[in-house]
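For reference, the structure discussed in these notes is given below.
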Amino acid sequence: MAGKHEYSFFGAVEKSFENAARFTNWDPGILEQIKQCNSVYRMHFPVKIGDKVEVIKAYRVQHSHHKTPCKGGIRFSTAVNLDEVMALAALMTFKCAIVNVPFGGAKGGISIDPKKYSVYDLEKITRRYTAELIKKNFIGPGTDVPAPDYGTGEREMAWILDTYTSMRPGEIDAAGCVTGKPVTQGGVRGRREATGLGVFYGLREVCRMEDVMGKLGLQTGIEGKTVVVQGLGNVGYHAAKYFREGGAKVIALAEYEGAIMNANGLNEDEVFQHRKKTGSILNFPGATNITNSSEALELECDILIPAALENVINGENAPRVKAKIVGEAANGPLTPEADEVFAKKGVLVVPDMYLNAGGVTVSYFEWLKNLSHVRYGRMEKRFTENLNTHILGQIETLTGKQVANNERELIMHGPDEVDLVYSGLEETMITATREIMDQWKKTPEIPDMRSAAYVVAINKVATSYVELGIFP
Ligand code: GLU
């Protein structure tokens with residue numbers, strides 16, 4: 001079973017980690033501790049599907065306990081295996097560290113194709129998986145907090161919450177046992193679009209940096225940039241949406257059945273509706289079909305955003321990629337070989353473990369909301385509005401002039417939950433981008449932005465271990 005490929009994705013993460021660790025001065029013991037997965041839970045459990053019993057294989061890996069709880073999504077896919085879950089858990093540790101989200105990294109997975117099961121059966125599988133996690137103390141607001149990932153969403157998170165609360169009655173912070181919940185079940189507004197929006201905020205900040213853009217031969221700013229997005233799931237859809245709204249042109253969208261292209265730009269929602277109606281992204285009015293989907297990755301464009309699965313760009317196809325910037329919205333879309341090709345070609349790879357951290361950042365906000373038992377904005381919205389109204393009134397009296405109606409609304413507006421979540425996310429992504437770029441400038445021998453991001457992450461996790469008093 002554990003053949004050559006079984007450990008390849010985790011091996012790639014280890015390789016990137018080691019490449020970056022060379023640029024730090026930490027004790028080898030600390031580095032080894034950071035690299036390893038702390039706890040690995042592999043389970044098999046029976047679920048009755050129709051009149052047959054199916055044995056379901058599932059995992060939860062806690063990569064690091066330097067901060068608790070551990071945090072990371074749960075994916076439903078036939079590609080799920082131990083190696084993949086370990087790699088994704090490790091990426092979560094580094095991701096949380098970079099964006100200053102005080103969690104250790106974790107990841108879970110169930111090896112099923114969710115499309116092959118009825119909603120009823122999926123609910124049974126999800127609830128049983130949750131029960132297995134509870135049995136071993138692998139879930140809870142203070143221990144390990146799952147979230148959506150590939151193949152899961154709000155519905156599954158609601159099942160997890162319900163299973164948890166019924167097995168742990170009276171636990172006052174139970175809602176914080178999982179994030180990405182529906183808003184009615186303790187979710188936070190803005191979580192659904194958070195990863196895609198974070199990808200946009202991160203890349204927008206990179207595109208604002210004159211020196212970085214100069215080296216790539218690009219103008220600063222998002223406006224007018226050509227973008228290709230692979231994956232029209234939650235992350236890809238929202239990334240495409242914010243780029244389009246920001247003035248970029250999304251010239252191609254790719255899904256597994258094929259890709260479409262239109263040099264004048266595509267509207268992601270129209271494409272999404274077309275796909276829902278016809279069952280395929282192909283034959284979208286006004287667009288050209290690309291039947292071999294992976295060819296979309298090789299189109300001439302400014303920014304390529306792989307927002308689907310890991311290992312889609314490797315040593316074989318990387319030389320043909322023409323994008324100037326690759327923004328990793330998915331987890332692990334590039335292999336280390338692809339990194340080497342891009343570093344040589346001068347393509348800027350903006351790495352997954354910070355670029356797609358918007359999801360976990362807003363999960364953190366959701367968890368805080370659950371622990372505080374109050375909606376963001378509830379306490380200050382009216383106060384701010386009253387104060388702004390008063391200030392505006394004073395300005396108008398003193399100047400004898402009136403502010404235009406649309407401006408008036410903007411100035412008086414007190415923050416709603418979604419305003420605070422978006423601004424918290426924007427601040428987080430901007431700060432993280434600058435921190436990584438500063439690290440890279442400080443240590444110019446670092447070969448790429450991924451290694452610079454790892455260095456930032458390693459420094460934070462290592463500092464935390466030292467402060468815990470575990471290492472000298
Ligand atoms: N699955 C997402 C990720 O890979 C979100 C994790 C979370 O919110 O905990 O970052």
Side-chain angles (χ1 to χ4, degrees), residues 9 13 59-64 67-77 79-80 84-110 133 138-154 156-157 160-161 175-182 186-188 190-199 201-202 231 233-236 238-239 306-310 327-333 351-370 421 424-425 428-429 432 453 457:
F9 188 13
V13 174
Y59 309 86
R60 183 76 184 170
V61 171
Q62 298 175 345
H63 172 261
S64 178
K67 294 212 188 283
T68 46
C70 297
K71 190 87 191 75
I74 292 176
R75 72 171 50 180
F76 288 3
S77 153
V80 161
E84 184 190 63
V85 183
M86 283 167 66
L88 294 168
L91 286 176
M92 286 307 302
T93 295
F94 306 128
K95 194 184 295 195
C96 290
I98 290 174
V99 290
N100 295 322
V101 164
F103 296 145
K107 202 78 167 199
I110 307 188
L133 295 180
F138 262 67
I139 183 171
T143 49
D144 190 345
V145 183
D149 199 82
Y150 189 81
T152 60
E154 290 172 20
E156 287 73 16
M157 302 307 118
I160 293 173
L161 173 69
C177 78
V178 62
T179 60
K181 304 178 289 288
V188 74
R191 174 65 184 83
R192 194 180 297 163
E193 61 273 36
T195 310
L197 183 56
V199 167
Y201 284 148
N234 182 41
V235 180
H238 285 107
L309 282 174
E310 57 262 21
E328 292 188 308
N331 286 309
D352 50 1
M353 56 163 158
Y354 111 90
L355 191 64
N356 70 24
V360 76
T361 300
V362 176
S363 276
Y364 171 48
F365 300 157
E366 180 176 333
W367 181 77
L368 290 174
K369 174 188 184 180
N370 296 148
V421 165
L425 176 60
T428 303
M429 294 308 296

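Keep in mind that the numbers below use all heavy atoms, side chains included, and drop hydrogens, waters and symmetry copies. Order of appearance sets the numbers: ligands from 1, and atoms from 1 within every ligand. Predicted model only: the values in this text are computed from it and were never measured. This chain uses plain numbering: 1 for the first residue, then up along the sequence.
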Quick check against the 3.5 Å criterion: does Lys107 have a side-chain atom that pairs as donor or acceptor with the backbone of Val61? no

For Lys71, take its heavy atoms, then give the atoms of ligand 1 lying under 4.0 Å from any of them. 7 (C), 8 (O), 9 (O)

Distance-only side-chain donor-acceptor flag, Ser64 / Thr93, under 3.5 Å: no

To which protein heavy atom is atom 8 (O) of ligand 1 closest, and what is the distance rounded to 0.1 Å? Ser363 OG, 2.5 Å

What atoms in ligand 1 come closer than 4.0 Å to a heavy atom of Gly359? 8 (O)

Check whether any side-chain N or O of Asp352 sits under 3.5 Å from a backbone N or O of Gly332 as a donor-acceptor pair, and report yes or no. yes

Which ligand 1 atoms are under 4.0 Å away from a heavy-atom of Gly73? 1 (N), 6 (C)

Could you tell me whether a side-chain N or O of Asn100 sits under 3.5 Å from a main-chain N or O of Thr428, the two making a donor and an acceptor? no

For ligand 1, note which part of Glu366 has a heavy atom under 4.0 Å away: side chain, backbone, both or neither. neither

If hydrogens are left out, which of Gly72, Pro148, Ala147 has an atom nearest to atom 2 (C) of ligand 1, that is, the closest non-hydrogen atom? Pro148

Assess Arg191 for proximity to ligand 1: is some non-hydrogen atom of it under 4.0 Å away? yes

Tell me if a side-chain donor or acceptor on Asp149 pairs with a main-chain N or O of Ile74 at a distance below 3.5 Å. no

Under a 4.0 angstrom heavy-atom cut-off, which atoms of ligand 1 come close to Lys95? 3 (C), 4 (O), 10 (O)

For Met92, the ligand 1 atoms whose distance to one of its heavy atoms is below 4.0 Å: 3 (C), 4 (O), 6 (C), 10 (O)

Side-chain donor-acceptor pair under 3.5 Å between Ser363 and Arg191, yes or no? yes

Counting heavy atoms under 4.0 Å, the part of Asn331 that contacts ligand 1 is side chain

Side-chain donor or acceptor of Glu366 paired with backbone N/O of Gly180 under 3.5 Å: yes

If I compare all heavy atoms of Val145 with all of Lys71, which pair ends up nearest, and what's the gap? O-NZ, 2.8 Å

Near Lys107, which atoms of ligand 1 are under 4.0 Å from a heavy atom of that residue? 1 (N), 3 (C), 4 (O)

